[in-house]
Amino acid sequence: MGSAETDQLPWASVLLNPRRLASAAIGTARHGTNYTRQLASIVTGGSPIQPAKGDRRFADPAFTDHPVYRRLMQAYLALCSEVDAAVAESELPWKDTELLQFFAEMVTSSLAPTNVLLGNPAALKRAFETGGASLVLGVRNYLHDVRFNGGMPSQAKQGALRVGEDLAVTPGAVVYRDAACEVLQYTPTTSDVRQRPVLLIPPQIGKYYFMDLSPNRSFVEYAVSRGISMFVISWRNAGPEDREYNLDVYASSVLRVMDVVREITGSDQLNTLGLCAGGILTSIVLAHLAATGDDRVHAASFAVTFLDFAEPSPIGMFNLPVLVGQARRRSSRKGVLDARSLATVFNWLRPNDLIWNYWVNNYLLGREPAVFDILAWNSDGTALPSALHHQFLKMFNLNLLARGQLQVLGTQIDLGQIDIDVYATGALTDHLTPWKGCYRTTQLMSGDMTFVLSNAGHIASLVNPPGNPKAHYFVGPDPGPDPDAWRATAQEVRGTWWEHWADWIIARSGPEVAASTALGSDTFPPLEPAPGSYVLNRTAEL
């Protein structure tokens, strides 16, 4: 087999390497022996195995009190432990290790006894207490999801929360619209605002309103309350007709939006906040502006943004050529990468929390999905145009952005040319963009850098309003090349990074000026109230 073919197969480097193959065989045998010994201890009642703290699957008292259920749980947990240890000891490149871990967790999470009726004492009790009605409701929920949710268990009750009524309700207006996006300007709630506005650039793979959820849980609402003049991009949900939309299209749209924001506010400069994949686009635009000598952006913020894809991360496993090729063919055929396919992949990265938890709730317990703002947003995805999807795949696979080998708008993108103040965040338990990869942003640009490490995961770290007693973050010295060294000296602060960011951005937003009594301008008058049409999947007149 040639090297090109070898690169297409995740574990070919093991199968074609005698030393690695022997090591894998020995490791498998050792873990099999360990598991047999643990089973013997479990059967005789001498095993100390307990579920990890926070593992809600085994919260029912039967898993402690009933000898059969206790042994069933321990046998399952012992199996998971040995599988995890075997994966950790594998001598594979990190992308292959991540893929192996992904498949291993898919299998072990599926084998949990709580996923079937007889192995779930809580479901059995509920079936008995309801005279079987819970099982009938579970079947109904399952048939509904097969018909309307691609066979995946629903995470949120459909239609319970409505965009513009329950979600995305911060007052504002659409002040600009093109074929790629709408721009929302928000109504000031303070008598004075800062001179330089902030433009929030969300990812194209999710609707913007995760930053404008329900009242008192809205980042936009909080920023406006601090006297920050806020503008937010709302991307149009792409369809097959938009298959040719690429980075040039989206970067051009951002540049037009920046001019709109400056014209409306009368400010020569603005600040930006890029989120996740929106941060990737933001960095590209900033590098283009730096290369062309354009100083319209005064300071930039990035939240949970990965720019260097050589850094290990779970999403890096999808950079394997065989998977990249499959993904390219799928989106080429449809013209878009549909939202459901993307959401399914992300959900399988955390199967216990994002799949089997809802399987048990919806089908075994026969309960309705929860009514929760983040889950409602998570079920309301967007599609990626195939051209943009292909560029992302190539950028991830070849690490073009960090290596300075990406060209957008005729400009060779060099992140090192970005020489403005930069604020970047990571999240402690982020399963998509691990914090050390987000920290890498501070080493790719040339300006004054601030890094903040928030509690929680990818989205929960962003939806982090003041008043949450569990909220905390870490701030440290100027970030150097070693994230562990930074972390060792960082100080924990109770509260939310929203407050820290607001202080940081206000210090870079110029003097206070009187808040305008009207939104938009003569050139860009309000077109309709926020949240606009694009977030509702309607295509408005341009």
Side-chain angles (χ1 to χ4, degrees), residues 170 194 198-203 206 208-228 230 232 271-280 282-283 299-307 373-374 377 420-443 445 447-479 483-484 486-509:
T170 301
R194 293 290 167 168
V198 171
L199 173 63
L200 189 152
I201 303 171
Y208 82 90
Y209 68 86
F210 68 97
M211 298 303 277
D212 186 25
L213 285 173
S214 48
N216 300 317
R217 284 170 52 78
S218 164
F219 176 88
V220 171
E221 177 190 55
Y222 173 76
V224 169
S225 76
R226 292 292 303 271
I228 298 169
M230 283 296 298
V232 174
N271 298 320
T272 59
L273 171 56
L275 309 175
C276 192
I280 295 174
T282 301
S283 72
S301 308
F302 297 90
V304 293
T305 297
F306 237 56
L307 300 179
D373 50 16
I374 292 181
W377 168 82
I420 57 178
D421 289 357
V422 168
Y423 184 104
T425 78
L428 274 170
T429 58
D430 195 330
H431 69 294
L432 290 178
T433 56
W435 76 266
K436 291 182 182 180
C438 297
Y439 181 93
R440 177 77 178 126
T441 296
T442 66
Q443 306 302 301
M445 302 178 188
D448 182 68
M449 299 291 157
T450 299
F451 184 76
V452 171
L453 179 59
S454 175
N455 73 307
H458 190 70
I459 295 298
S461 72
L462 299 177
V463 184
N464 209 337
N468 179 0
K470 296 182 180 179
H472 60 277
Y473 59 93
F474 296 87
V475 293
D478 291 342
D484 290 318
W486 178 91
R487 177 70 178 83
T489 57
Q491 300 295 314
E492 181 177 348
V493 180
R494 307 306 299 181
T496 167
W497 69 270
W498 289 11
E499 298 163 301
H500 187 271
W501 173 85
D503 292 339
W504 186 90
I505 203 71
I506 286 170
R508 291 158 178 79
S509 296

Legend entry - Side chains of L307 and R440 in contact at under 4.5 Å (non-hydrogen atoms): no
Inset, instruction - Give me the ring orientation class for W377 and F210: parallel if the planes are under 30° apart, tilted from 30 to 60°, perpendicular past 60°. - result: tilted
Inset, instruction - For Q443 and P479, indicate whether the former's side chain and the latter's backbone hold a donor-acceptor pair under 3.5 Å. - result: yes
Legend entry - Residues forming a side chain to side chain donor-acceptor pair (under 3.5 Å) with H500, sequence neighbours excluded: Y423
Legend entry - E492 atom CD, neighbour heavy-atom count above 12 within 6.0 Å: yes
Legend entry - Minimum-distance pair of heavy atoms, taken over all atoms of N455 and L428: CA-CD1, 4.1 Å
Legend entry - Verdict with reasoning, I505 to V198, per side-chain contact (heavy atoms from CB on, under 4.5 Å): CA-CA 9 Å; I505 203 71; V198 171; 3.8 Å; yes
Inset, instruction - State which residues pass side chain to side chain donor-acceptor pair (under 3.5 Å) with Y222; sequence neighbours excluded, sorted by chain then number. - result: R226
Inset, instruction - Compare all side-chain heavy atoms of Y473 with those of S461 and state whether any distance is below 4.5 angstrom. - result: no
Legend entry - No-hydrogen, no-angle side-chain donor-acceptor test under 3.5 Å, S301 and N271: no
Inset, instruction - Give, for atom OG of S225 and atom CE of M230, the distance between the pair rounded to the nearest 0.5 Å. - result: 11.0 Å
Legend entry - Residues W501, V452; criterion side-chain contact (heavy atoms from CB on, under 4.5 Å); working and verdict: CA-CA 9 Å; W501 173 85; V452 171; over 6 Å; no
Legend entry - Shortest non-hydrogen contact between T433 and V304, atoms and distance: OG1-O, 3.5 Å
Legend entry - Reported OG-to-CG distance for the pair S218 and D373, which is rounded to 0.5 angstrom: 10.0 Å
Legend entry - Min side-chain heavy-atom separation W497-L462 under 4.5 Å: yes
Inset, instruction - Run the ring-centre check on F474 versus W435 and record whether the distance is less than 6.0 Å. - result: no
Inset, instruction - Measure the spacing between CD1 of I374 and CZ of R217 and express it to the nearest 0.5 Å. - result: 5.0 Å
Legend entry - Heavy-atom closest pair, residues W498 and P465: CZ3-CA, 3.4 Å
Inset, instruction - Search all heavy atoms of T450 against all heavy atoms of W504 and return the closest pair with its distance. - result: OG1-NE1, 3.4 Å
Inset, instruction - Decide yes or no for I420 and M445: does some side-chain heavy atom of the first lie under 4.5 Å from some side-chain heavy atom of the second? - result: no
Legend entry - Side-chain heavy atoms of T442 within contact of W486, under 4.5 Å: no
Legend entry - Heavy-atom pair with the smallest gap, counting every atom of L275 and A303: CD2-CB, 3.5 Å
Legend entry - Inter-residue atom distance T496.OG1 - N468.CG, 0.5 Å rounding: 8.0 Å
Legend entry - Any side-chain heavy-atom pair of V475 and V493 under 4.5 Å: yes
Inset, instruction - Return yes if a side-chain donor-acceptor contact under 3.5 Å exists between N464 and S454, otherwise no. - result: yes
Legend entry - Any P483 side-chain heavy atom under 4.5 Å of F451 side chain: no
Legend entry - Value rounded to 0.5 Å, distance of OG1 in T441 from CE in M449: 8.5 Å
Legend entry - Heavy atoms of other groups near D478 CG, more than 12 under 6.0 Å: no
Legend entry - A507 backbone acceptor or donor facing R194 side chain under 3.5 Å: no
Legend entry - Minimum side-chain heavy-atom gap T170-M211 below 4.5 Å: no
Legend entry - Spatial distance of atom CZ (F219) from atom OH (Y208) [nearest 0.5 Å]: 14.0 Å
